[in-house]
Amino acid sequence: MLTSLPAPVLGLIALLLLALNTLFWVPILLALAIVKLVLPFRALRLHLDPVLLRIAEAWIAGNRGWMRLTQETVWDVEGIDDLDRGGWYLVNCNHQSWVDIFVLQHLLTGRIPLLKFFLKRQLLWVPVMGLAWWALEFPFMRRHSEQMLDRHPELRGRDQEATRKACEKFALIPTSVMNFSEGTRFTPAKQQRQQSPYRHLLRPKAGGIALTLNVMGDKFRAILDVTIVYPDGAPSFWEFLCGRMRCVRVRVQGLPVPRHLANGDYANDPAVRAAFQQWLQQIWREKDAQIDALLAGGTNDRR
């Protein structure tokens, strides 16, 4: 363990190990992705997609390695023991930091299929990682403000079509579709600006999860509702690299797919839209109360 080193030194070592791990695996991902792009045959895709996913899992395993070497985190986790890596899942989680993604990958990779995120299109230009996300066919979305969508309603249809096409690809092999319903990381300023009724959460957005369920609802084994709590406060990415994530508490609950909502027309039926929003808001009220309890409670140590 390197945790006795000064935090800035530890952070630089962790960053170097992350970079080396990424630079080793991403060229392999890209080479196979280009083969799939040049030879776009369904049979070839069905053979190459599992290989690409295994490479991504190897990259995540490498990240687990340097995390164990540089972190002394207490992992207080419940609800991940009876999952199935051969089934489809829709994963829905609160969002506080970029560190959430490392937490989710660390806990869920190997227990369920690889998490696939909907990403802002700007992230395509992130050095190296943008190419990796493209190779793994993470969907890149052009996110527009409600004001822009009101002025140009045709833009809403474009994002919906992009989501639909991505979900059709996800349906080919077992996949875990990752959704942060808040749409952005939580901060007190955003909470106040939204006038959020929740103590620890922003207002959830139902559109993305509704469209995903509409396209893939018959595939999903369950919805995994994930709650992440950092008792010492959500760490920044640099604080995480420096080993300052002392404790993280995670609760995973399997929820049934609401078939009556998944088969509805969220975009055009106000009644379906209202019912979907009520369903998600109830989950969010329960999550908010759970966060209160986790901040006040003890730990179930799973280092």
Side-chain angles (χ1 to χ4, degrees), residues 18 21-37 42 44-67 75 77 79-93 95 98-120 123-124 126 128-141 162-163 165-181 208-209 212-213 215-217 219-226 228 250 252 254 257:
L18 170 61
N21 186 42
T22 301
L23 291 172
F24 177 81
W25 289 112
V26 169
I28 303 173
L29 272 178
L30 286 177
L32 292 176
I34 290 171
V35 170
K36 193 169 66 171
L37 182 67
R42 179 184 173 89
L44 182 64
R45 168 184 285 274
L46 292 175
H47 282 88
L48 280 183
D49 280 353
V51 177
L52 287 164
L53 296 180
R54 292 294 186 185
I55 293 170
E57 289 178 349
W59 175 76
I60 292 169
N63 289 338
R64 282 174 170 165
W66 65 255
M67 285 169 64
W75 294 83
V77 183
I80 63 172
D81 293 326
D82 297 318
L83 302 175
D84 178 12
R85 67 171 295 141
W88 281 259
Y89 290 96
L90 175 58
V91 182
N92 192 36
C93 186
H95 193 19
W98 273 93
V99 181
D100 298 341
I101 296 173
F102 284 85
V103 169
L104 290 165
Q105 290 178 333
H106 177 78
L107 293 176
L108 297 179
T109 299
R111 297 180 182 273
I112 63 176
L114 184 75
L115 293 167
K116 293 288 189 77
F117 295 81
F118 288 89
L119 300 171
K120 292 185 290 187
L123 294 178
L124 179 60
V126 173
V128 184
M129 285 309 304
L131 291 173
W133 292 323
W134 170 81
L136 290 167
E137 295 188 312
F138 283 35
F140 291 92
M141 313 296 293
T163 302
K165 287 181 178 178
C167 289
E168 288 171 354
K169 292 179 181 178
F170 294 161
L172 294 175
I173 61 173
T175 303
S176 301
V177 181
M178 182 67 226
N179 183 65
F180 290 116
S181 286
I209 194 171
T212 302
L213 286 175
V215 178
M216 294 182 61
K219 286 282 189 181
F220 290 126
R221 178 181 296 270
I223 297 171
L224 297 184
D225 180 53
V226 183
I228 300 177
V250 181
V252 180
V257 176

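Because the structure is a prediction, the values reported are computed rather than measured. Nothing fancy with the numbering, it's 1 onward along the sequence.
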Heavy atoms only: give me the nearest [X]-[Y] pair and the separation to one decimal.
| X | Y | answer |
| --- | --- | --- |
| Leu52 | Ala33 | CD2-N, 4.2 Å |
| Ser176 | Pro113 | OG-O, 2.8 Å |
| Trp88 | Ile173 | NE1-O, 3.0 Å |
| Pro174 | Gly87 | CB-O, 4.0 Å |

Atom pair [atom1]/[atom2] of [X] and [Y] - distance to nearest 0.5 Å:
| X | Y | atom1 | atom2 | result |
| --- | --- | --- | --- | --- |
| Leu29 | Leu136 | CG | CG | 5.0 Å |
| Arg54 | Leu32 | CZ | CG | 14.5 Å |
| Ile228 | Ile101 | CD1 | CD1 | 9.5 Å |
| Leu115 | Ile60 | CG | CD1 | 7.0 Å |
| Leu48 | Ile55 | CG | CD1 | 9.0 Å |
| Arg85 | Glu57 | CZ | CD | 4.5 Å |

Non-hydrogen side-chain atoms of Ile112 and Arg221 separated by less than 4.5 Å: no

Taking the side chain as everything from C-beta on, heavy atoms only, tell me whether Leu107 gets closer than 4.5 Å to Val252. no

Can you sort out the partners of Ala222 under side chain to side chain contact (heavy atoms under 4.5 Å, CB included), two or more places apart, ordered by chain and number? Tyr89

Test side-chain contact (heavy atoms from CB on, under 4.5 Å) applied to Thr212 and Phe220, step by step: CA-CA 10 Å; Thr212 302; Phe220 290 126; 3.8 Å; yes

Aromatic plane relationship, Trp133 with Phe138 - under 30° parallel, 30 to 60° tilted, over 60° perpendicular: parallel

Does [X] reach the main-chain N or O of [Y] with its side chain, forming a donor-acceptor pair under 3.5 Å?
| X | Y | answer |
| --- | --- | --- |
| Lys36 | Ala135 | no |
| Trp25 | Ala132 | no |
| Arg111 | Ile80 | yes |
| Asn21 | Trp59 | yes |

Could you walk me through whether Asp100 and Cys93 pass side-chain contact (heavy atoms from CB on, under 4.5 Å), step by step? CA-CA 9 Å; Asp100 298 341; Cys93 186; 5.7 Å; no

Results of salt bridge (Lys or Arg N to Asp or Glu O under 4.0 Å) for Arg45 - residues two or more places apart only: Asp49, Glu137

Give the intermediate values and the outcome of side-chain contact (heavy atoms from CB on, under 4.5 Å) for residues Val257 and Lys219. CA-CA 10 Å; Val257 176; Lys219 286 282 189 181; over 6 Å; no

